[in-house]
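Below: one structure, written as structure tokens.
Just so you know, ligand 1 is whichever comes first in the structure, and atom 1 is the first atom listed for that ligand. Along the sequence shown, the residues carry numbers beginning at 1.
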Amino acid sequence: MDVLRIRGGRRLQGVVEVSGAKNAALPIFAATLLTSEPCTIRNVPDLSDIRFMADLLKRLGAQVERLDPHTWRIQAGSVTHRAPYELVRKMRASVCLMGPLLGRLRRSSVSLPGGCVIGPRPIDIHLKGFSKLGCVVDISKGYVEIDGSRMAGAEVFLGGRHGSTVLGTANLLMAAVLTPGRTRIECAACEPEIVDLCRMLEVMGARIEGIGSPSLTVDGADSLQGCDYAIIPDRIEAGTLLLAAAITEGDVTVRKMCASHLTALLDKLEEAGLPLTVEPTQVRVRSNGRLRPVDVITHPHPGFPTDLQAQMTALMSVTPGLSIITEKIYPSRFMHVPELQRMGADIAIDGANAIIKGGNRLSGAPIMASDLRASAALVLAGLAANNDTWVQRIYHLDRGYEKIEEKLQALGADIERVDQSAIPESLLDPA
Ligand code: EPZ
């Protein structure tokens with residue numbers, strides 16, 4: 001198995017480009033099931049999660065072709081309704097197949113994905129929404145069996161304890177675009193990935209009003225057509241690269257991003273004293289080495305994204321002073337903290353708060369990635385540490401960051417993918 005070896009302490013410098021958004025591409029791939037016509041999807045990131053979704057679509061009967069590393073052609077001429085556990089368990093986002101299957105076939109049988117390391121991730125709100133559309137929902141033998149033979153437009157409220165639900169909104173939208181009558185979705189997620197899905201559905205002929213707002217109105221169509229659609233840039237990758245520049249006191253321009261999707265992060269970086277030059281599609285970070293601690297609370301969009309919380313925690317752990325990072329979306333999403341502590345970070349967890357006494361110079365060590373964004377945080381910590389860091393279980397990273405080590409190398413980082421046998425024995429068993 002591969003690991004990442006990072007020799008920290010290099011200041012990142014240069015220009016880097018962001019790939020397409022994974023979390024937009026996954027529901028958009030699912031949406032291709034809504035039509036029997038071909039859909040060409042562009043600016044797709046080259047990631048293992050995308051390949052999982054492509055495999056699922058093939059299993060459901062679609063013809064799936066990768067025209068080049070970032071362009072896919074999908075044609076779901078005929079489709080079956082059952083997504084099996086062996087594929088669904090590999091990727092939680094598979095739950096967003098339910099909506100398009102219901103739209104297209106009025107029937108869906110999708111395995112429940114099982115546990116997730118970032119905390120409980122129920123889909124009760126998705127199911128409540130489908131029930132409002134007239135579906136009969138039953139959970140049997142690990143599968144969610146949904147009968148949508150009496151589906152009709154309705155008023156659906158998608159708010160929960162932690163705000164709206166991103167994939168729940170995607171699911172309800174994809175069901176509603178082919179459901180007779182008018183559906184009003186209240187407390188819809190406003191994430192840019194949902195806006196992107198709406199735009200793609202519009203190109204397919206769907207009628208949606210209120211795009212980008214928490215109140216969406218969908219007038220169901222009889223059928224949808226194929227499309228040619230390019231996915232938005234990945235705001236979480238862009239944010240991670242900006243934070244990599246900050247943690248190495250670098251001078252980096254992140255290009256092909258959408259600055260308006262990251263206002264909350266940019267605001268925090270400015271509050272932390274980081275000089276930024278912001279243009280619509282690129283942001284330059286030019287560190288002056290004088291960061292201040294900031295408090296951060298994660299919220300649904302346009303608030304600070306939970307998917308950048310771990311990376312921000314890494315930055316604050318090297319920033320002199322006290323900061324508190326509060327996680328409101330997944331209150332136990334702190335799996336990165338024990339690993340950062342192994343590197344010398346001074347962080348205490350109190351409920352949903354990480355209390356960080358920042359400023360310690362981190363010391364590289366073999367560390368274990370637990371999920372996608374935790375892995376990114378550990379890479380950032382490694383870039384700032386004062387000797388070799390070995391990040392293990394990097395398959396998590398490959399789910400969501402395209403060629404991350406190549407992008408960081410191009411900015412001057414000393415990072416390489418090596419076999420885990422390269423980790424010095426003395427570090428694994430110092431005795
Ligand atoms: C999406 O997950 C993203 N995944 C996640 O990114 C992201 O962390 C999350 O949104 C929040 O922004 C994809 O887009 C593929 P939610 P999703 O439903 O839609 C609770 C990454 O690293 N909830 O918006 O599954 C839930 O437990 C990943 O790229 C219910 O209680 O998240 C959470 O506390 C990880 N019942 C909150 O709502 C429900 O039925 C928000 O979850 C649904 C959700």
Do the non-hydrogen side-chain atoms of Y401 and L372 ever get within less than 4.5 Å of each other? yes

Donor on one side chain, acceptor on other, T35 and Q225, under 3.5 Å
no

Whether the T253 and Q282 side chains hold a donor-acceptor pair (N or O, under 3.5 Å, no angle test) is what I'd like checked. no

Using heavy atoms and a strict 4.0 Å limit, residues surrounding ligand 1 turn out to be K22, N23, R92, A93, I118, P120, R121, P122, I123, D124, I125, H126, H162, S164, T165, V166, L167, T306, D307, I329, Y330, R333, L372, R373

The salt bridge (charged side-chain N to carboxylate O under 4.0 Å, His left out) partners of E249 (sequence neighbours excluded) come to none

Task: Test salt bridge (Lys or Arg N to Asp or Glu O under 4.0 Å) applied to K58 and E65, step by step - done: CA-CA 10 Å; K58 277 187 213 158; E65 219 184 321; over 6 Å; no

| Can a donor-acceptor pair be found between the side chains of Q309 and H336 at a distance below 3.5 Å? | yes

